[in-house]
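Input: a single structure, listed below in structure tokens.
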Protein chains: 2
Amino acid sequence: MTHELFHTLHQLSRQLTNRLNDALKPFGLYSAQWSVLFVLHTKGSLTQKELSEYLFVEAPPMTRTIQRLVKQGYVKQIPGKDKREKYIQLTEEAVKEFPKWEHAVTQCNQTLLKNFPESSQLELTNLQSVWLKQLL
Amino acid sequence: MTHELFHTLHQLSRQLTNRLNDALKPFGLYSAQWSVLFVLHTKGSLTQKELSEYLFVEAPPMTRTIQRLVKQGYVKQIPGKDKREKYIQLTEEAVKEFPKWEHAVTQCNQTLLKNFPESSQLELTNLQSVWLKQLL
DNA sequence: TTAAAATACTTACCTGGGTAACTATAGCGG
DNA sequence: CCGCTATAGTTACCCAGGTAAGTATTTTAA
């Protein structure tokens with residue numbers, strides 16, 4: 001019983017990530033990169049620390065994801081007044097391309113949810129949020 | 001809105017996997033290995049193909065997980081009549097140790113769910129199953 | 001019967017996330 | 001001021017899962 005709960009959650013998560021990666025493929029982006037780009041687009045400039053805390057990811061994977069984005073020219077690292085910190089922000093290139101990416105992701109999400117009623121979506125989000133808050 | 005749904009699902013999945021890995025650490029096992037051991041314990045002998053289909057995992061990761069289990073002596077590969085196939089089954093060692101592993105996992109799951117009402121668990125499982133079936 | 005297609009598994013390489021250990025800078029207490 | 005500790009980020013190395021390509025065997029079809 002419990003087993004099924006964990007199993008379906010795991011499967012769902014994998015499916016969603018895979019589909020998102022498919023949707024981003026034409027742009028040479030991956031899901032983890034997208035999550036960083038999305039946050040930067042809404043929040044502006046953040047340190048890597050702030051980014052990894054916001055996305056609940058450890059520092060090392062964040063470093064890697066950012067390095068790839070830097071290499072692709074979508075993000076730049078700006079040394080902070082505190083020289084240990086690096087502020088990350090979107091490049092002009094990224095700002096220009098962002099709407100295309102966002103559109104592709106939105107399309108993808110709509111496809112994923114098209115046969116799943118909105119009431120169920122809300123319920124699911126709610127249940128997940130409650131549980132997650134208890135775990136953290 | 002949609003964004004939150006995907007985000008919390010992803011976070012939840014990671015949290016659960018991390019906790020399970022912690023619980024299995026004393027036995028030198030990891031979550032993916034446990035899922036294979038669990039299936040073999042309930043279903044008996046299966047080919048790698050059957051295993052990966054049952055767990056919705058591609059063949060290559062399954063090969064790796066099995067190779068690690070073989071190295072640890074918890075699983076053996078038996079050539080099938082069709083020489084392309086390999087039947088996988090638990091070793092005596094694994095059968096002997098299984099109850100301990102299962103106990104640790106059960107404990108872990110109870111901890112994870114202890115503040116999450118059973119009615120919510122059922123609802124969540126249900127919503128997830130419905131959605132997942134639509135996606136596959 | 002034998003050449004081509006399908007199948008089971010493996011190998012190599014990629015992203016995603018984790019820990020441990022390291023570097024460099026910042027902040028403190030003596 | 002100086003040394004200790006804390007912090008931001010990086011590096012190296014794990015596991016988990018994905019695709020593409022390769023190998024060996026079986027099936028199919030000419």
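Throughout, protein chains are lettered first and strands after them, A, B, ... in sequence-line order, and every chain is numbered starting at 1.
Nearest to the side chain of A/Val57, among C/dG16, D/dA8, C/dG18, sits C/dG18. Distances were taken from every side-chain heavy atom of A/Gln48 (C-beta onward) to each of D/dG18, C/dG16, D/dT10; the shortest belongs to D/dT10. Distance from the side chain of B/Arg64 is smallest for C/dC13 among the nucleotides D/dG9, C/dC13, C/dG17.
Rounded to whole Å, the distance from CG on A/Asn18 to C1' on C/dG16 is 11 Å. Rounded to whole Å, atom P of D/dT11 lies 17 Å from atom CD of A/Glu58. Atom CZ in A/Phe56 sits roughly 18 Å away from atom C1' in C/dG16 (whole-Å rounding). Atom pair A/Leu16:CG and D/dG17:P shows a separation of 15 Å (rounding to whole Å applied). Rounded to a whole Å, the NZ atom of B/Lys25 is 14 Å from the P atom of D/dC14. When the C1' atom of D/dT23 is taken as reference, atom CD of B/Glu85 falls 16 Å away, rounded to whole Å. Whole-Å rounding puts the B/Leu29 CG to D/dA16 C1' distance at 15 Å. In this structure, CG of B/Asp82 is placed 17 Å from P of C/dA6, rounded to the nearest angstrom.
With ring centers used as reference points, A/Trp34 lies 6.0 Å or more from A/Tyr74.
Partner of B/Gln48 under the side-chain hydrogen bond (donor to acceptor under 3.5 Å, both in side chains) criterion, chosen from B/Lys86, B/Gln77, B/Glu53: B/Gln77.
Side-chain N/O atoms of A/Thr65 include none lying less than 4.0 angstrom from OP1 or OP2 on C/dT15. For B/Gln77 and C/dT10, the shortest distance from a side-chain N or O to OP1 or OP2 is below 4.0 Å. Phosphate contact (OP1/OP2 of D/dG9, side-chain N/O of A/Lys86, threshold under 4.0 Å): absent. Within the structure, every side-chain polar atom (N or O) of B/Gln33 is placed at least 4.0 Å from both OP1 and OP2 of D/dA16. Phosphate contact (OP1/OP2 of C/dG16, side-chain N/O of A/Arg68, threshold under 4.0 Å): present. Contact annotation: A/Gln67 reaches the phosphate of D/dT11 (side-chain N/O to OP1 or OP2, under 4.0 Å). Distances shown here put a side-chain N or O of B/His10 below 4.0 Å from the OP1 or OP2 atom of C/dG17. Phosphate proximity of D/dT10 to A/Thr63: present, with a side-chain N or O under 4.0 Å from OP1 or OP2.
Note on B/Asn21: nothing from the nucleic acid sits closer than 4.0 angstrom, heavy atoms only. Among the heavy atoms of the strands lying under 4.0 Å from A/Ala59 is at least one base atom, whether or not backbone atoms are also near. Backbone-only engagement by A/Lys81 is indicated by non-hydrogen atom pairs under 4.0 Å involving sugar-phosphate atoms exclusively. Backbone-only contact: A/Arg14 has heavy atoms under 4.0 Å from sugar-phosphate atoms and none from a base.
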Go through the steps to decide whether B/Leu136 and A/Gln11 satisfy the test side-chain contact (heavy atoms from CB on, under 4.5 Å), and finish with yes or no.
CA-CA 10 Å; B/Leu136 296 178; A/Gln11 301 302 326; over 6 Å; no
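Nearer to the 5' terminus of DNA chain C, by closest-nucleotide assignment, is the contact made by A/Ser31 (compared with the other of A/Ser31 and A/Arg84). Comparing A/Lys83 and A/Thr17 by the nucleotide of DNA chain C that holds the closest heavy atom to each, the one mapping nearer the 5' end is A/Thr17.
With rounding to the nearest 0.5 angstrom, the CG atom of A/Leu132 is 7.0 Å from the CZ atom of A/Phe56.
Tracing side-chain contacts under 4.5 Å through hydrophobic residues (I, L, V, M, F, W, Y), one never reaches B/Leu122 starting from B/Val130; they form parts of separate clusters.
Proximity of a side-chain donor or acceptor of A/Glu97 to a complementary backbone N or O of A/Ala94 within less than 3.5 Å is not detected.
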